[in-house]
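Taking it in order: structure first as structure tokens, then the write-up.
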Protein chains: 2
Amino acid sequence: MSQTVDRAPRTPATQPAPPVVDVAALGQHLMGRWADIRRVSRAVAARPEMKRVEGLSMADHRARVLDQLGLLVKEGAVHKAFPKSVGGLEDAGGNIAQFEELVLADPSLQIKAGVQWGLFGSAVMHLGTEEHHTKWLPGIMSLEIPGAFAMTETGHGSDVSAVGTTATYDEATHEFVIDTPFRAAWKDYLGNAALHGEAAVVFAQLITKGVNHGVHAFYVPIRDKKKNFLPGVGGEDDGLKGGLNGIDNGRLHFTGVRVPRTNLLNKYGDVAEDGTYSSPIASPGRRFFTMLGTLVQGRVSLDGAATVVSKLALTIAISYGSQRRQFTAASDTEEEVILDYQRHQRRLLPRLAETYAMSFAHDVFLDKFDDVFSGAHDTDADRQDLETLAAALKPLSTWAALDILQEAREACGGNGFLVENRLTSLRADMDIYATFEGDNNVLLQLVAKRLLTDYSRKFATADAGAMAAFVAEQVGDAAINRTGLRRLGQSIVDWGSTARSVGYIRDTDSQRQLLTDRVQTMVAEIAARLRPASKLPKMEAAQLFNSNQNALIEAARAHGELLQWEAFTDAVERIEDDGTRQVLTWLRDLFGLGLIEKNAAWYLIHGRISTQRAQAITSYIDDRLLPRLREHALPLVAAFEFTPEHIGAPIALGAEKERQDEAMEYYRAQRESGTAPIAEKAPAKAVRSR
Amino acid sequence: MSQTVDRAPRTPATQPAPPVVDVAALGQHLMGRWADIRRVSRAVAARPEMKRVEGLSMADHRARVLDQLGLLVKEGAVHKAFPKSVGGLEDAGGNIAQFEELVLADPSLQIKAGVQWGLFGSAVMHLGTEEHHTKWLPGIMSLEIPGAFAMTETGHGSDVSAVGTTATYDEATHEFVIDTPFRAAWKDYLGNAALHGEAAVVFAQLITKGVNHGVHAFYVPIRDKKKNFLPGVGGEDDGLKGGLNGIDNGRLHFTGVRVPRTNLLNKYGDVAEDGTYSSPIASPGRRFFTMLGTLVQGRVSLDGAATVVSKLALTIAISYGSQRRQFTAASDTEEEVILDYQRHQRRLLPRLAETYAMSFAHDVFLDKFDDVFSGAHDTDADRQDLETLAAALKPLSTWAALDILQEAREACGGNGFLVENRLTSLRADMDIYATFEGDNNVLLQLVAKRLLTDYSRKFATADAGAMAAFVAEQVGDAAINRTGLRRLGQSIVDWGSTARSVGYIRDTDSQRQLLTDRVQTMVAEIAARLRPASKLPKMEAAQLFNSNQNALIEAARAHGELLQWEAFTDAVERIEDDGTRQVLTWLRDLFGLGLIEKNAAWYLIHGRISTQRAQAITSYIDDRLLPRLREHALPLVAAFEFTPEHIGAPIALGAEKERQDEAMEYYRAQRESGTAPIAEKAPAKAVRSR
């Protein structure tokens, strides 16, 4: 129970003063490297004309979001990512930081902006060359050319390499002929395709001289200025979706649509006039993944948006939970504040810890993204590391956002179900984040395959020293406590011992060891089971991989969680204010110990912790961390710096407290005046007298 | 991988013929005791005029659902639950069975019908007496009197006993004066209140002669026939909600509203003309809970509706998953069916097992409900058992429905996000089911308190025999295998032993023992920790309970899961067809072993299973149960007997297969005709030649 009401403070002699969070400093820390850009973007997001209006028809919502994109153009907010040669700023990281904050206004706005500039424009920029930039980027940036990113098909989302759309070179006319030869090949779920788009970057199998060179990107005009489809182009509206209805998603199909040879976005592959194919990348597989890799910014911004939304959801739920009261317990007249209930703390505070982890991990991710796309560090290895980071973090944050929104909604009861309190619309919009820009389960498999590849490169023979170095490389961070890692091989035996003090588990190095060891062991075990695969026939090899698919995904998840934990830990170490650093350390402990608790069965099975220590973790969370952190819950969400315009939800802006105060005053006055009725005590007469 | 494509069947000599599910017989089994009523209701739900039309404005959706209620009246579908004295059938169970199937048409229809007849009408029936029945039930049944169930207030949902609305008796005029003295006391979230309702059953503190006798129910007219509020009555529209927008939820407030003394629904408490209170139940607390207990049918129908919706969601996801293909693995030309992926099986098949458990548990629940409300077995103990059953099952099924809908949506990718495929709208509508008719976390605490009460009655001294009997009583089912329970005390030691064969864990008795033991042990541990409470001052006692709140809820969840498992097991034993019973046994094993796996840490910590057995459970699920059950996934959802009209989702009605077939035919014909392009193999020229 909260000890802040009605009790005399304990004398200093009995207890140290509790730490205090410096909200402003913490807020600055959370804003990170592009704090100024984020704050400007948030101010834009707070404007009435940018906000989501609930209850609009689909047509009106779509029109409103298109207008909002126009406002962003007027703001000059669009230029950050684009090349200086066309008036851009080439600020890759700043651009993402700016756009992900727009989710606060309306996820449809964030995503439609992402489609136009982050996918359509980005594809022209990264897959095209100078002539394409000059010809099309200005119109894309100004919104004169609304466009679609036509990669996904009804039949192929995850396996882009297998799309059915073809672009066949006609040597006679020097044109590519674009075709969608069957229904499943129709491009689908494309923002801007149903209404507004006048062009599309179409991903198709490039066929020339009877050879299929794999998927390439083509700039294809699709509508004239009157929004009529051009000859050979057709489409459908996807209709109502579960959310994001401010975006005109639709389908496109192509029947003999001809585009000039030079409409091939030819940075990674080209076709000469005579139809000869050439590419700076010899391997078709590598070429394809290199092209896809340039489009990773979508995943970066989704990770960021999911984090922003999670922060907002918890701000609403924790604000409300600090005001809402229900049931008397310690007092006869005053009901308990619901955030004082252990269960309520269990539901919300670990999610708050997770959200802080997501936020700091996103900063690392965005840093890495900017490093690569600014050219500061953009070797193949850097790009692959960025891919892996994206594939690990995007699933965790987007799934977390959905769970956090749902938990927040339930924690706000009937109030939470009213659209005005934001949570239900956000959840409906965020649903698709788990499966677009990469299906979360597929992405985690990409991570797992990367982990296996790295493992197999290093462990032709098992070698503890090499294993430790491998682990160091995996977490990829020079700030790793070398002492901790050196102890890895030595102290595994210790974990099973019950002689260790409970305090040992709270130690940062202990958390790091346990989390790191789990990733490493899971990968090693899977690698051992998969070792026979290279000698098996195709079908048996596929079955062997399939029977390890779940384990692969869980190993990847563990890797992603470790990345989040590392980022959280590094961020905490950089906090200068003692009080803030203490509270954030507890919050980080809640995150790390929560991960260990969640996977306690694994740790027990592998002899990494004793049963006593497993129980001690749960007790420490329940009895120490949760009540402690409850006291700091409001400052911890205040540090997210959301203004009332961002929050929007009446229940998080004082409405609940107002009602509580009015009710309490009514009863207090009633008691004081002696007019309160007496509660029935004695048994009533058993006989009716009507 | 599925072995049904392109492989010769194994010869009988090497493997027994796989069992076959008798879909029709299983379907009948699932339909249960009120099969005929359910099928009639489903036929009604399938009619075009009853179906949900997506994309309607809130106003149009509300009007449509009101019309649908009128159609139900015309059908004579309303009369089942009501007394014969007013033309009803007094068929409590059949009534619920009928109305829960309506969720297939539109959850708004199911809930608004529930508000009108299951809450408003039910309150008049169960809390009122003959004169009230005669005066109001016919109009309620005919929909001439649309009405609201005015219990919840903006400030009080879970703690009904603390509502702020008062009904003060005026001895001079023989009237009750209804007041909502502050904003938090406004009745809120009431279906029928925003537009259609002309009366309400209002729950208010009954005050007479200066004594507050606690919450009672009053019949209060609120609007005239022109839908204008009557004097002293006011309200607001709740506005857009996250779902269920076919229901006009709103708020009501009362200022000096006078109703005749006889408008008190006086079955459990009465006020004479002179203001004297009387009641057949002496204790105010017991009286209040007895009144609330008569309204348990809401929870019964939510449990049923959540189960129906889960069945539909899995039908859609499994149908689609059996047609959708992505990525080649075993073959070079044919992509894998996604339900052949281990991860996809892990995501969907345990949920299918859970849904079967929910279904059979709901049948037990509905049976018990009918027993009590038909008068066949309606002692106080029976009613309390029914309350506990409701409080245990409703949370599990409503939470499961949300998780299942989300998993199904993600498993159907972009297709799943299109409203036409049903999943997103159902999820939005089902959201509130987790917190209305009892917040799930609060309900589980009610269960826990019941478990503790029963425990403390029996265990003044610890006694293994009494413990076993206690457990038997808790699961409350004569079909319990006595051998299993007798072994409970003896064989706990065995579980830690690694000498036992793996097969032992699959045994029905083994599952029962492990699941039962966990509930019992959790309750005993909490009871031990709470033992000091009765001697502590109020605040310390409250803190002690609070620090065990999470454990209490988890013990209650374990109890509910055991109830589901028992119902599943009993239902499987009643299946006559050998093949069907074999498959259902595997499905039940997946459910039971899944519960044990989920709580493996607990079992390991308490020495109930060895680490080897814990790993063996996961291997058995992954390597044996999932692939085995995948083969029966389609029959298992076919047994839900949904027609194409119920399913509605194009992706579950063959659209995906059509597209797959067309694509495959295109490529096959292309290969056959020799016109297929050759895949690029050799490195391309590194030099550009544009």
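- Donor-acceptor pairing under 3.5 Å is lacking for the side chains of A:N441 and B:Y341.
- Note: B:D332 leads B:D332, B:D439, B:T152 in heavy-atom pairs under 4.5 Å with chain A.
- B:A663 approaches A:A184 most closely through the heavy-atom pair CB-CB, 4.5 Å.
- Residue B:Q342 forms a side chain to side chain contact (heavy atoms under 4.5 Å, CB included) with just one option from A:L552, A:I553, A:N548, A:N546, and that option is A:N546.
- A donor-acceptor pair shorter than 3.5 Å can be found between the side chains of B:R427 and A:Q406.
- Heavy atoms closer than 4.5 Å to chain A are found in both the backbone and the side chain of B:S158.
- For the pair A:N550 (side chain) and B:R346 (backbone), a donor-acceptor distance under 3.5 Å is absent.
- Heavy atoms of B:F327 lying under 4.5 Å from chain A belong to its backbone as well as its side chain.
- Not counting sequence neighbours, the partners of A:E665 by the salt bridge (Lys or Arg N to Asp or Glu O under 4.0 Å) test are A:R668.
- Taking CD from B:E335 and CG from A:D159, the interatomic distance works out to 5.5 Å, rounded to the nearest 0.5 Å.
- With a 4.5 angstrom heavy-atom cutoff, B:L626 does not touch chain A via any of its atoms.
- Here CG of B:L402 is found 12.0 Å from CG of A:L402. Values are rounded to the nearest 0.5 Å.
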Review point. Should A:K241 and B:E420 be marked as a side-chain contact (heavy atoms from CB on, under 4.5 Å) after you check the CA-CA gap, both sets of side-chain angles, and the distance that decides it?
Key: CA-CA 8 Å; A:K241 307 184 299 291; B:E420 70 183 13; over 6 Å; no
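- No part of B:Q670 comes within reach of chain A, as not one of its non-hydrogen atoms sits under 4.5 angstrom from that chain.
- Contact annotation for residues 597-605 of chain A against chain B (heavy-atom separation below 4.5 Å, listed by residue number): A:A600, A:A601, A:L604, A:I605.
- Side-chain atoms of A:Q549 and B:H344 include no donor-acceptor pair closer than 3.5 Å.
- Contact record, B:A434 with A:R409: CB-NH2, 4.5 Å, taken as the closest heavy-atom pair.
- What you find for B:R183 and A:E662 is that their closest heavy atoms are N-OE1, 3.1 Å.
- In this structure a side-chain-to-backbone donor-acceptor pair under 3.5 Å is present from A:Q326 to B:G157.
- Annotation: maximal heavy-atom pairing with chain A below 4.5 Å, among B:A185, B:G55, B:A541, B:P181, occurs at B:P181.
- Under the 3.5 Å distance criterion, the side-chain polar atoms of A:E54 are left unmatched by any main-chain donor or acceptor of B:L240.
- When A:D188, A:N415, A:T208 are compared by the number of non-hydrogen pairs under 4.5 Å with chain B, A:N415 comes out ahead.
- Here the straight-line distance linking atom CZ of A:R659 with atom OG1 of B:T154 works out to 5.5 Å at 0.5 Å rounding.
- A donor-acceptor pair under 3.5 Å is absent between the side-chain atoms of A:D431 and the main chain of B:T424, judged by distance alone.
- Heavy atoms of B:T168 lying under 4.5 Å from chain A are absent altogether.
- Considering only heavy atoms from C-beta on, B:F436 stays 4.5 Å or farther from A:F417 through its side chain.
- Listed here is the closest heavy atom pair of A:Y667 and B:G164: OH-CA, 3.5 Å.
- Ranked by non-hydrogen atom pairs under 4.5 Å with chain A, the options B:I207, B:N249, B:V419 are led by B:V419.
- In this structure, the separation between CG on B:D622 and OG on A:S547 is 8.5 Å, given to the nearest 0.5 Å.
- B:A329 and A:K538 get closest at one heavy-atom pair: O-CE, 3.4 Å.
- In plain terms, the two heavy atoms of B:G155 and A:R324 that are nearest each other are O-NH2, 3.4 Å.
- Salt-bridge annotation for B:E680 and A:R287: present, with a side-chain N of the basic residue lying under 4.0 Å from a carboxylate O of the acidic one.
- Side-chain contact check for B:E410 and A:W399: at least one donor-acceptor pair (N or O, by modelled atom type) lies under 3.5 Å.
- A:N212 contributes no side-chain N or O that, together with a main-chain N or O of B:I678, makes up a donor-acceptor pair within less than 3.5 Å.
- Counting heavy-atom pairs closer than 4.5 Å to chain B, the top residue among A:S57, A:G243, A:S331, A:P627 is A:G243.
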